[in-house]
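The analysis underlying the following values was restricted to heavy atoms, covering all of them including side chains, and did not include hydrogens, waters or symmetry mates.
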Amino acid sequence: MWDRLLTNCNVATMDPTTPGSFGAIEDASIGIQDGRIVQVGRRIDLAGYRARSVERLDGAWITPGLIDCHTHLVFGGDRAAEFEQRLGGASYEEIARAGGGILSTVKATRLASRDDLVAAARPRLEALMRGGVTTVEIKSGYGLDTATELKMLEAARQLGETAPVRVVPTLLALHALPPEYRGDRRGFVELAIEDMIPAAAETGLATAVDAFCEGIGFTPDEVRALFAAAEEHGLRVKLHAEQLSNLDGAALAAEHKALSADHLEHADEAGVEAMARAGMVAVLLPGAFYALGETRKPPIALLRKHAVPIAVATDLNPGTSPVLSPTLMLGMACTLFGLTPEEALLGMTRHAAKALGLEDEIGTIAPGKAADLCVWRVNRPAELCYWIGHPGPERRIVAGKDA
């Protein structure tokens, strides 16, 4: 006997083995046992199964729980003043070079205790959950010293332990150069390689390592050395690449079999081809594109041509993407970047799971997968992209339980 049977519903499985748009099964049922999906199919075909709890959902649509695969959710302070500066004509680069940007958040984050960081992040996390998120990646990167980076990762872990959501922690080891290393880039890169990565690996606080490969960030050679260290410690890698310029970051990430390259507005065909060969995911961040007033879009046609899976994420951060709505990102991925609604929803389900290395666990509704689901009162799945800033699902289910 199953624990739970959801019936009289429509299911967007997002499973490539289920034919049709969205992998849809109408008039369907889902069987759940021990937090996992044991069966999904037409209601008539599952009519003979018994469950301790049978729930009629009367035409609702069920999707996999949304996965936000790129966030900077834990940080101190805010940067609303910089928002005003950008509206006054200052560029992201100008603000950063004047000591603002990431470094202003670093100062506030260093001063905050772990409990302070958790308390500040919790409302942001709750907003994502209300929007349908059941898994969230949380990067560090606003410490720029080992103690604060670990403090951020500890805060991320605490959030996952105290809220009904899966948290995937990432050490963003090379994000910006801290003031105390302004004349010693090499020394800071060595700190990241020789201290931050071993500490994050030994404590189990991170599952992956990230970097910002950009003219105002870190060079390809610096990132290459960082990635080699991550691999030595058994950590996967991912990269902020080609956001403001093309430094061949996508190809660099592909050399190291990265999980993903993220942003990609300036990626070229060589980089996209390299990603395809490496089996990587392209993570698109329409919130940052919008907030920064960018005009150069990611190369969607090239990503499609080379069959690179496309994920979509909020990039929730205090400076360049203060976004709290995953459904808004679904809509923006369509209206700003030209994705179809199915591509956008794949970007926050199946492809987002792959961007985290969790495609065998979450991201589709299929037997054996974790029962992380969202129940939506819509007439068709495309409405999740059509309604701008759709408020979220009727309910979330995480590991088979209402959350």
Can you see which heavy atom on [X] is nearest to which on [Y], and at what distance?
X      : Y      : result
Val312 : Ala333 : CG2-CB, 3.9 Å
Ala12  : Pro64  : O-CD, 3.2 Å
Leu117 : Ala112 : CD2-CB, 3.7 Å
His351 : Ile310 : ND1-O, 3.1 Å
Gly249 : Cys213 : CA-SG, 4.5 Å
Leu285 : His263 : CD1-CE1, 3.3 Å

Between [atom1] of [X] and [atom2] of [Y], what distance do you get to the nearest 0.5 Å?
X      : Y      : atom1 : atom2 : answer
Met348 : Cys385 : CE    : SG    : 10.0 Å
Ile197 : Glu231 : CD1   : CD    : 9.5 Å
Glu242 : Arg296 : CD    : CZ    : 9.5 Å
Leu171 : Ser140 : CG    : OG    : 4.5 Å
Arg43  : Leu6   : CZ    : CG    : 13.5 Å
Phe218 : Arg224 : CZ    : CZ    : 15.5 Å

Within the structure provided, determine whether [X] and [Y] are in side-chain contact (heavy-atom separation under 4.5 Å).
X      : Y      : result
Ile25  : Val40  : yes
Thr364 : Thr349 : no
Val398 : Val165 : no
Pro220 : Leu247 : yes
Ile30  : Leu5   : no
Pro391 : Arg130 : no
Thr327 : Trp376 : yes
Val106 : Asp145 : no

Would you call [X] and [Y] a salt bridge, using N to O less than 4.0 angstrom?
X      : Y      : result
Arg377 : Glu394 : yes
Arg395 : Glu55  : yes
Glu137 : Lys139 : yes
Lys305 : Glu269 : yes
Asp372 : Arg36  : no
Arg56  : Asp58  : yes

Look at the side chain of [X] and the backbone N and O of [Y], then say whether any donor-acceptor pair between them is shorter than 3.5 Å.
X      : Y      : answer
Thr146 : Asp195 : no
Glu26  : Asn10  : no
Asn246 : His266 : yes
Arg396 : Asp402 : no
Asp3   : Asp34  : yes
Thr335 : Gly331 : yes
Glu294 : Tyr290 : no
Ser260 : Asp262 : no
Thr13  : Asp15  : yes
Glu273 : His306 : no

- prompt: So Glu180 and Arg110, salt bridge (charged side-chain N to carboxylate O under 4.0 Å, His left out) or not? Walk me through it.
  reply: CA-CA 13 Å; Glu180 62 268 27; Arg110 287 179 172 181; 2.8 Å; yes

Is it true that, when you exclude [X] itself, more than 12 heavy atoms of the residues, nucleotides or ligands shown sit nearer than 6.0 Å to its [atom1]?
X      : atom1 : value
Leu87  : CG    : yes
Arg52  : CZ    : yes
Leu111 : CG    : yes

- prompt: In terms of the angle between their ring planes, are Tyr49 and Trp2 parallel, tilted or perpendicular, with boundaries placed at 30° and 60°?
  reply: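 Rings of Tyr49 and Trp2: parallel, as their planes differ by under 30°.
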
- prompt: Given the rule in the side chain to side chain donor-acceptor pair (under 3.5 Å) test, do His175 and His72 qualify, once you have shown the distances and angles that lead to the verdict?
  reply: CA-CA 11 Å; His175 196 194; His72 305 253; 4.6 Å; no

message: Quick one, Thr134 with Arg166, criterion side chain to side chain donor-acceptor pair (under 3.5 Å). Give me CA distance, side-chain angles, the key distance, then yes/no.
response: CA-CA 6 Å; Thr134 55; Arg166 300 177 193 271; over 6 Å; no

task: Show your reasoning for whether side chain to side chain contact (heavy atoms under 4.5 Å, CB included) applies to Leu239 and Phe227.
output: CA-CA 10 Å; Leu239 187 63; Phe227 281 2; 3.9 Å; yes

Any residue meeting salt bridge (Lys or Arg N to Asp or Glu O under 4.0 Å) with Glu222, in chain and number order, not counting sequence neighbours: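 Salt bridge (Lys or Arg N to Asp or Glu O under 4.0 Å) check on Glu222 returns Arg185.
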
- prompt: Do Arg79 and Thr105 have a side chain donor and acceptor closer than 3.5 Å?
  reply: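 Present: a donor and an acceptor within the cut-off.
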
message: For the residue pair Asn8 / Asp27, report whether a side-chain donor-acceptor contact shorter than 3.5 Å exists.
response: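 Asp27 vs Asn8: no donor-acceptor pair found between side chains.
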
field: Any pair counted as salt bridge (Lys or Arg N to Asp or Glu O under 4.0 Å), so long as it reaches residues 331-352, sequence neighbours left out
entry: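 Salt bridge (Lys or Arg N to Asp or Glu O under 4.0 Å) check on residues 331-352 returns Arg304-Glu343.
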
